[in-house]
Asker: 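The following block contains the structure, expressed as structure tokens.
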Amino acid sequence: MGRATIEQIAQALGMNVRTLQRRLEDDGVNFSDLINGVRRDLVQRYMNNPSYSLARIGDLLGYSLASSFSRWFATQFGDTPANWRAVHGKPLQPPQ
């Protein structure tokens, strides 16, 4: 996914940023929530694949710094990526 921006997505859809924002608002979502949802879905796949290093997973999710990825992961799943991998053997699920 890399660093997807709202500008890139709007351009790919052939509309300006404000139009995309209005359409998302009409559906009750915002761009940040969509990006986080995609990242949560992808990280579940990546964390369960031992061939991906944590640094690689952070890169794949668009984080240039490992610390940023770790903070995001801890916020989403209640643990650091390294701790999760050390403890869990089951598929990753966000806290309810």
Asker: Mind checking whether Leu42 and Leu60 have side chains closer than 4.5 Å, heavy atoms only?
Answerer: no

Asker: Could you measure the distance from the CZ atom of Arg85 to the OG1 atom of Thr80? Nearest 0.5 Å is fine.
Answerer: 11.5 Å

Asker: Looking only at heavy atoms, what is the nearest atom pair of Thr19 and Asn16, with distance?
Answerer: N-OD1, 2.8 Å

Asker: Ignoring hydrogens and geometry beyond distance, is a side-chain donor-acceptor pair present between Arg39 and Tyr63 at under 3.5 Å?
Answerer: yes

Asker: How about Glu25: does its CD atom have over 12 heavy atoms from other parts shown lying under 6.0 Å from it?
Answerer: yes

Asker: What's the shortest heavy-atom distance between Tyr52 and Ile57, and which atoms?
Answerer: CB-CG1, 3.7 Å

Asker: CG/Asp59 to OH/Tyr46 distance, rounded to the nearest 0.5 angstrom?
Answerer: 11.0 Å

Asker: Of all the heavy-atom pairs spanning Asp79 and Phe73, show the shortest one and how long it is.
Answerer: O-CD2, 2.9 Å

Asker: Would you give the length of the straight line joining atom CG of Leu61 to atom OG of Ser68, rounded to the nearest 0.5 angstrom?
Answerer: 12.0 Å

Asker: Could you give the distance from CZ (Phe69) to OG (Ser67), rounded to the nearest 0.5 Å?
Answerer: 11.5 Å

Asker: Is the shortest heavy-atom distance from the side chain of Leu54 to the side chain of Met47 under 4.5 Å?
Answerer: yes

Asker: Do Arg40 and Asn36 make a side-chain contact, defined as non-hydrogen atoms from C-beta onward lying under 4.5 Å apart?
Answerer: yes

Asker: For Asn49, check side chain to side chain donor-acceptor pair (under 3.5 Å) against everything at least two apart and list the hits.
Answerer: Ser51

Asker: Rounded to the nearest 0.5 Å, what separates atom CD1 in Ile6 from atom CG in Leu13?
Answerer: 10.0 Å

Asker: Going by distance alone, is a donor N or O of one side chain under 3.5 Å from an acceptor N or O of the other, for Asn30 and Asp33?
Answerer: yes

Asker: To the nearest 0.5 Å, tell me how far Arg22 CZ sits from Met15 CE.
Answerer: 10.0 Å

